[in-house]
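Notes follow the structure.
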Amino acid sequence: MILLLYLMTINYYELQEAAQRVEERTYILLMSMTLCAFLFGVLMEWNGLRSLFKRRFKFNWKLFVPTLLLMVLVFIPRLYWTKWFGITDNFLLQVFLLTETQVVLSVLTGTLFIRSISEK
């Protein structure tokens with residue numbers, strides 16, 4: 001988990017520099033930081049992950065469907081959100097434009113994903 005936090009921090013600083021220079025690698029940095037945050041959320045649910053390794057799982061469809069929707073929203077880079085909707089005053093769209101909010105939502109998505117497929 002500490003390694004994932006370290007990787008997210010490195011990606012965050014590189015992302016800030018790449019965004020200032022308007023580089024193409026911002027997509028890759030944002031996706032890797034989102035993936036690290038998702039894996040951090042998965043590792044936070046250690047008991048559920050352990051039950052999955054023991055091949056004891058049970059789908060909770062009421063939690064799985066919103067988790068999939070959140071996963072789709074989180075893994076779309078913010079650059080596409082601005083391309084599709086522009087920069088508006090809509091609060092819901094502004095949420096996805098902040099890197100920090102996207103990281104928090106990625107951690108939440110990883111946690112909900114394990115909770116939706118684990119037995120406990």
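The shown structure was predicted, so the numbers you read here are calculated from the model rather than taken from an experiment.
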Side chains of L73 and L105: closer than 4.5 Å at any heavy-atom pair?
no

Report yes if some heavy atom in the side chain of W46 is under 4.5 Å from a heavy atom in the side chain of L49; otherwise report no.
yes

So, taking the atom named [atom1] in [X] and the one named [atom2] in [Y], what distance separates them when rounded to the nearest 0.5 Å?
| X | Y | atom1 | atom2 | answer |
| --- | --- | --- | --- | --- |
| L43 | I2 | CG | CD1 | 11.5 Å |
| M71 | L108 | CE | CG | 11.0 Å |
| L68 | L112 | CG | CG | 11.0 Å |
| R115 | N47 | CZ | CG | 10.5 Å |

Could you tell me which non-hydrogen atom of I114 sits nearest to which non-hydrogen atom of E45, and how far apart they are?
CG2-CB, 3.6 Å

Applying ring-ring contact (aromatic ring centres under 6.0 Å, His included) to F59 and not counting sequence neighbours gives W61, F64

Applying salt bridge (charged side-chain N to carboxylate O under 4.0 Å, His left out) as the test, list every pair that has at least one member in [range]; sequence neighbours left out.
| range | answer |
| --- | --- |
| residues 32-42 | none |
| residues 98-108 | none |
| residues 29-39 | none |

When the side chains of residues 29-36 are checked against the rest of the protein, which donor-acceptor pairs come out under 3.5 Å, sequence neighbours left out?
from, atom 1, to, atom 2, distance (Å)
S32, OG, N11, ND2, 2.9
S32, OG, I28, O, 3.2
S32, OG, L29, O, 3.0
T34, OG1, L30, O, 2.8

State plainly whether one hydrophobic cluster holds both F113 and V65, where clusters connect Ile, Leu, Val, Met, Phe, Trp and Tyr through side-chain heavy atoms under 4.5 angstrom apart.
no

Any link between F53 and M44 through a network of hydrophobic side chains (Ile, Leu, Val, Met, Phe, Trp, Tyr) touching at under 4.5 Å?
yes

T67 meets the side chain to side chain donor-acceptor pair (under 3.5 Å) criterion, sequence neighbours left out, with none

Whether S118 side chain and F57 backbone form a donor-acceptor pair below 3.5 Å
no

Pick one: which of L3, V107, T111, V103 meets side-chain contact (heavy atoms from CB on, under 4.5 Å) with F40?
V107

